[in-house]
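Notes follow once the structure below has been shown.
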Amino acid sequence: MKRSEYKEQQHKKRPKKQRSLRKKITRFVFISSLLVVFCALLVLNIFITFSDVSALEEPAPRSTVIYDPSGEVISKVSNSNIEGVTIDQIPKTLIEAVISVEDQRFYTHHGVNYITMGRALLQNAFKGKIVAGGSTITQQLAKNAFLTQERTYSRKFKELILAKKIERVYSKDEIMERYLNQIYFGDGAWGIQRAAQTYFGKDVSELTLSESATIAGIIKAPSHLSPTKNMEKSVERRNLVLALMLREQYSSQQEYDEAIGQKLALAKSTVPDYKGNYPYYIDRVVDEAVNTYHLTRNEVLSGGLHITTEINPVVQEALEKVYADDRYFPKSAPDQLLQSASVFLNPKTGGILALVGGRGEYTHGRFNNATDLIRQPGSALKPLAVYTPALEEGYHMSDLLVDEPIDMDGYSPKNFDQQYRGEVTMYDALTQSYNIPPVWLLDQISIKNGVHAVERFGISLEKNDRALGLALGGLDKGTSPLRMAQAFSAFANDGVMEEAHAITEIKDSEGKVLGKWRGESVRVTDAEVAQQMTYMLQGAVKEGTAKKAQVSGMDVAGKTGTTQLPFEGVNGSKDHWFVGYTPDIAGAVWLGYDQTDADHYLTSTSSFTAPPIFAQVVSKSASELTTKEFDLSLIDEEIKELKKQKKKTKEEREKKEKKKEKDKKVKEFWEGIEKWGRSLFEE
């Protein structure tokens, strides 16, 4: 064979070999893909098979029992006072309304709507975070019954597995029944029967098309779409539900026209709000169980748990008694109740002994000012931001600080009394709450040290807080009474701050421990510094701005705080604070209006309002507070040095006053001579 013919033959053979290889690769990839898909489906089915959704068999919620430290029952909580209803009792129009707005393919999918889930995944990919879920009713049931509310892909995967399992175990009607009996409809209404009674004062079976659409519309955002809170938004949402029902052919045009034209007539709720003991404290317990121990609200409110807390019923009752007596509070504006909140801790453990989150009638889910309020603390921050880090830097209580007009790059603080004393001891600067000395001192020790100290004490700061205004508590946002009480508790505990908490232990209905408190102890300052701060803060109560916090026969230390109004031309203040402690208890008291404006503000200073509330609570709780005096044994020499300096300062002040008086008399004498001489000359 010629060489050229051989090459031509080889050239013809090559494509056949290449095609054969390509087929083999394609076949391999195809088979491999099938195997991967098969394995993935196998693993998925194993997860689904071994998932336990038997808890959905429990017909009614079980009360969770809450105890004090001695094991006495203080409260029982449940998410429903009404038994669940069967699917036969629920109007068909209500079920159709829920399906129209929440899950239009409910009866055709098998737990997961892959179209909406895919759409949600695309949205999340574009946003870079989870903003949409695409959950079906079955997935919502799985989430409410078994999972947390966090938005993560791992939680979404668990939700998908549980939803598929639920669909295998229960019929569509059973799923719908359990869903409507478990979800929250706002205004304290858990479950469809309670929602019907709360909003319309009737049994669920009696709901009209308009009322059914209204209740179905609430599910998306109960806090914002409840008709008792925002009728306009609720009606808009109802109308959307009715339009969807018309589109899905669940209602006729005539039924739609009639329902959309009906005015919602709300009934006075036939289901009472929670009226058990210590409602604000119980709110805190539920929130802590959810946020710290990662239980669902459903588990807490209907899981038959046993929760032991740090509450001291004597202190809690004393606090509630004070808050029930208007004599202890300034007169409110006619159209807005002056608000207040207080929280008291055990400095040795961080346990929350008592808590009241507001004034006026308690309602379910009310904003808790004691734990969630964020307001500027004013001068109550001075001990944390300035005086503690200054002592740590080597300053002493007896050191003299500048008290004269200053200008720090355009920042010129003024003392409240508009007076200047030249120099004052650190002790006097703190006890009398002068403003210039702490600003000057913060500049000396550096703002960085002040910021670090405040954050050590557990109070978060914003970028704008890193300025000299930090010395006076002028924060960009602020902090809560709970955080302030926790911070000051470190002074009562020789510099060790225990994390504030209400719960010590949670057990399930069978007695198995689900969680135990294991909080952190943080040494935020030295014991010697803590005792010096206590001595100075005790001075603020004995002879300074917090005199009204005094309790007979007991050492009290603390600091007042007053914040400025956010507008000019009015003599008053926005917030009043007192944060104080005895050897056995630390607490914070706040007063202010929910909305501060030209008609709603405090007319006095904090010295007259917050300290007496603290004193009343401590006085009524005296039987629980066994230690009456502070241990200041580490600072004997510092106290002696301060007393010497105070004596010296007093003598110098008296000498100056005498000289001033003498100079005045001499001046008056010469003015008299001059006047006499003028009169002789004129004659």
Side-chain angles (χ1 to χ4, degrees), residues 280 312-331 338-347 352-359 369-370 377-380 382-383 430-433 481-482 484-489 491-492 533-562 573 575-592 602-630 632:
Y280 285 109
N312 185 311
V314 173
V315 182
Q316 181 69 37
E317 286 168 17
L319 181 58
E320 292 191 0
K321 195 173 290 184
V322 169
Y323 270 74
D325 193 337
D326 290 341
R327 292 178 303 167
Y328 297 119
F329 299 89
K331 188 177 179 181
L338 174 68
Q339 276 305 322
S340 179
S342 294
V343 58
F344 288 82
L345 313 175
N346 180 337
I352 300 175
L353 303 175
L355 181 156
V356 166
R359 294 181 68 209
N369 289 303
S379 293
K382 291 174 182 176
L430 177 53
T431 59
Q432 301 304 322
S433 200
L482 180 63
M484 289 298 289
Q486 177 182 278
F488 272 61
S489 71
F491 298 136
M533 288 305 307
T534 292
Y535 186 79
M536 291 193 289
L537 290 168
Q538 193 177 0
V541 174
K542 284 182 176 179
E543 55 184 296
T545 58
K547 288 179 183 177
K548 292 186 179 294
Q550 294 177 12
V551 176
S552 178
M554 190 176 300
D555 284 355
V556 178
K559 183 73 187 73
T560 54
T562 304
S573 48
D575 304 285
H576 285 180
W577 292 80
F578 177 74
V579 191
Y581 55 96
T582 76
D584 289 338
I585 193 169
V589 179
W590 166 83
L591 294 94
L602 291 152
T603 56
S604 64
T605 65
S606 55
S607 298
F608 298 97
T609 59
I613 295 171
F614 178 93
Q616 283 295 324
V617 175
V618 171
S619 181
K620 294 178 189 298
S621 307
S623 62
E624 304 298 297
L625 311 175
T626 56
T627 311
K628 307 299 182 184
E629 298 179 352
F630 290 119
L632 303 175

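Annotation: the span from Thr627 atom OG1 to Asp555 atom CG amounts to 10.5 Å, rounded to 0.5 Å. One finds the CD atom of Glu543 at 10.0 Å from the CD atom of Gln538 (value rounded to the nearest 0.5 Å). Atom CZ of residue Phe344 and atom CD1 of residue Ile352 lie 12.5 Å apart, to the nearest 0.5 angstrom. Rounded to the nearest 0.5 Å, atoms CG (Asn312) and CG (Leu345) are 12.5 Å apart. Distance check: Met536 CE to Lys542 NZ gives 14.0 Å after rounding to the nearest 0.5 Å. Considering OG1 of Thr431 and CG of Leu537, their distance stands at 9.5 Å, rounded to 0.5 Å.
Of all non-hydrogen atoms in Tyr323 and Ser340, the two that sit nearest each other are OH-OG, 2.7 Å. Pairing each heavy atom of Ala354 with each of Gln316, the nearest pair is CA-OE1, 3.0 Å. The two residues Ser607 and Lys548 make their nearest non-hydrogen contact at O-CD, 3.6 Å. For the residue pair Leu591 and Leu338, the shortest heavy atom distance occurs at CD2-CD2, 4.2 Å. Closest of all the heavy-atom pairs between Gly544 and Lys547 is O-CG, 3.2 Å. Closest approach of Ala549 to Phe578, counting heavy atoms only: CB-CZ, 3.6 Å.
For the 3.5 Å distance criterion, the side chains of Thr560 and Thr545 qualify, holding a donor opposite an acceptor.
Using a 4.5 Å heavy-atom cutoff, the side chains of Thr626 and Asp584 are in contact. Side-chain contact between Arg359 and Asn369 is absent, with no heavy atoms from C-beta onward closer than 4.5 Å. Looking only at side-chain heavy atoms (C-beta outward), Thr562 and Leu602 stay at 4.5 Å or farther from each other. Side-chain contact check for Glu320 versus Val356: some heavy-atom pair is nearer than 4.5 Å. Contact check for Leu353 versus Glu624: no side-chain heavy atoms found under the 4.5 Å cut-off. In this structure, the side chains of Leu430 and Pro383 come closer than 4.5 Å at one or more pairs of heavy atoms. At a threshold of 4.5 Å between non-hydrogen side-chain atoms, the residues Phe488 and Lys559 count as touching. Inter-residue side-chain proximity for Pro481 and Trp577 is flagged as met; some heavy-atom pair is nearer than 4.5 Å.
Screening residues 533-552 for ring pair (Phe, Tyr, Trp, His ring centres under 6.0 Å), with sequence neighbours left out, gives Tyr427-Tyr535.
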Which pairs would a plain distance check flag for residues 608-622, meaning a side-chain donor or acceptor within less than 3.5 Å of a matching protein atom at least two apart in sequence or in another chain?
unit_1	atom_1	unit_2	atom_2	d
Thr609	OG1	His576	ND1	2.8
Gln616	OE1	Tyr328	OH	3.2
Ser621	OG	Val617	O	2.7

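Ring to ring, Phe491 and Phe630 are not that close: their centroids are 6.0 angstrom or more apart.
No more than 12 heavy atoms of other residues, nucleotides or ligands shown are found within 6.0 angstrom of NZ on Lys321.
Ser573 places a side-chain N or O within 3.5 Å of a backbone atom of Ser604 that can act as its donor or acceptor partner.
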